[in-house]
Amino acid sequence: MQKVTQLEVWMEEGPREECGVVGIFAPNEDVARMAFFGLFALQHRGQEAAGIAVSDGQGMSIYKDVGLISQVFGPHTLDGLKGHYAIGHTRYSTTGSSLMRNVQPFMIETMHGPLALGHNGNLVNSVELRRRLLEDGVGLSSSSDTEVMTMMLARSLGNTWSERIQSCMREWVGAYSLVILTRDCVYAARDPWGFRPLCVGWLPNGGYAAASETGALHTLGCEAIREVNPGEVVTLSDSALVVHQALKPNDPLARCVFENIYFARPDHVWDNQSVHHVRQRLGEELTREVNIEADVVIPVPDSSIPAAIGFSRLSGIPYNDGFVKNRFVGRTFIEPTDSLRKRGVAMKYNVINENVLNKRVIMIDDSIVRGNTTGPLIKLLRTAGAQEVHVAITCPPIKYPCYMGVDMGTQDNLIAHKRTVDEIRKMVDADSLTYLSVEGMMRAVGRTEGYCQACFTGQYPIDVDVQTVKTGFELSLK
Ligand code: SF4
C-alpha cells in the first residue's frame, strides 16, 4: 500500500478544526481499538494525522502517521498496541505545520518512566517556553507546542505525575485540553480558562474514558459523563477516578463560543447544554434580526442544519434541503484533475434544483471566514433558478484571528476585517446579508459571560503576543 505522506484539505472555507483527544483505562479490554473508535467519533476535529499510544503497565508503544484515522490504522497496526491504558489524538495543525514530526501523541522516556501526551489547543506563551528549554540545553525535534509541554513535564519537579502536571500548568498560558499517558495512568487535564472541551465517563465493564466530546464517550458506551472542569486534572487508573483541582478556574471562564457554532458535533453536551439545541436557538435568534420575506429556508450542511430548523420554526418560512454535500471529497488525499478543481465548491455541493427553482431563498450558514465558499454557493443557487438569495449567518462577522487553537488565518485573510457587511454582501453577490449580533449569539448560548468571543470582538481573554502565530516555531527554527 502506498504510504500517505501529504494531506490536502482543499476547498476548505470554514475555520479549520482543532484537534480531538481520547484517553482510556480499561483493564482486560483492547484499549487500542477503543481509542481507535473514540478517535473515529472525533474525526471532524482534525483530519491531518492521527496517533495512539498504549501502555501495559510496563512498557509503552505508539503508532502515528499522517492521514485520516481509517487510513492511519488497520488491524495489523492496532494488534501491535497492547495494554490497559491508551491515549489517542487526531490532529489539525495549530502550532507547527503538517510535518510528520509534529504528529501526536508525543512520546519520550523520562527518569520517571515513559510519557506520552496529546493536546487540543494552543499555548500563547509557547515561544517563550521553547526558548527557555533550548537555553537549558533541551533538544527539540519538532515545531509543536505539544513537544514543549512534553519536555517540560519530563523535567518538572514533584513526587507524582499529578504534582508535575500541576506545576507545569502554572506555566502554561493558553488553551489546553490534554490526555497524558504514563506507565500506569492516564491523566486528563484542562486549562483554567476552559477554552476547549474535555469530558470523562465511566465504562460499563470497568475503567474510565476521557474525550474531547461527549459523543465519543457515548460511542464507547460510557455512563455518568462529566466535564473535566477548567483547571482540573483527572486521573484514570486502577484506583477510583481521582479528580484534583490543580489550578483555580479563571473568573470569568473563556469557553470557545465557536464550539457551539461550528466545531463540536451536534450531539456534544458543552457547558451542560446540547450543542444541537444551542444551534437551533442561534437560528431562532437570527429570525429576530432578519427581516426578509422568503419562500424557503435552506441550510449549508452540516453544522447549519439545526439553525435552519430553528429559523424556520420561529419565522414560519418552510425549511427544505437545498444542498446535498459530499462530506468526504474535501478530505481526500487524491489530487483532483485541473478540470475537476475548477469546479470548486460544485465538487462538494450539489443543489436540489426543484427546492429552489423560482423561490426566494434564505441560505443559513454558520460563518464566513475567508469568504471563498459563500459566493460560489450563491452562484450555484442562482444557476439552479433561485429568484433571490438572502444569506443569514449564525454568528457575528469574524474580524480577528484566534490564537487559542483555531486556525482562521491572519487578519488579512478574514473577509470581515476592514470590510462593512454591505461590502461583503456585494463581494459574495447576495441579495441581502445578515450576521447574528454578539448579543443574539449569547442569548442563544444562554450565558452572559464565561465565553471567549475574541474572533468577533478582538477582546482576548488572555494577553496575546501576536508574534506567537502558528508558524512562529518554524520561523524560530530557521
Ligand atoms: S477566538 Fe474565537 S475561535 Fe478562538 S477560542 Fe475565542 S471564540 Fe473560539
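Note that ligands are numbered from 1 as they come in the structure, with each ligand's atoms numbered from 1 the same way.
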With a 4.0 Å cut-off, would you call [X] and [Y] a salt bridge?
X: Glu259; Y: Arg45; answer: yes
X: Glu232; Y: Arg190; answer: no
X: Asp422; Y: Lys426; answer: yes
X: Asp429; Y: Lys379; answer: no
X: Arg196; Y: Glu213; answer: no

request  = Tell me, yes or no, whether the heavy-atom count around Asp136 atom CG, taken from other residues, nucleotides or ligands under 6.0 Å, exceeds 12.
outcome  = yes
ask   = Can you pull the residues with any heavy atom under 4.0 Å from ligand 1?
value = Arg196, Cys256, Val257, Phe258, Cys402, Met404, Val406, Met408, Cys452, Ala454, Cys455
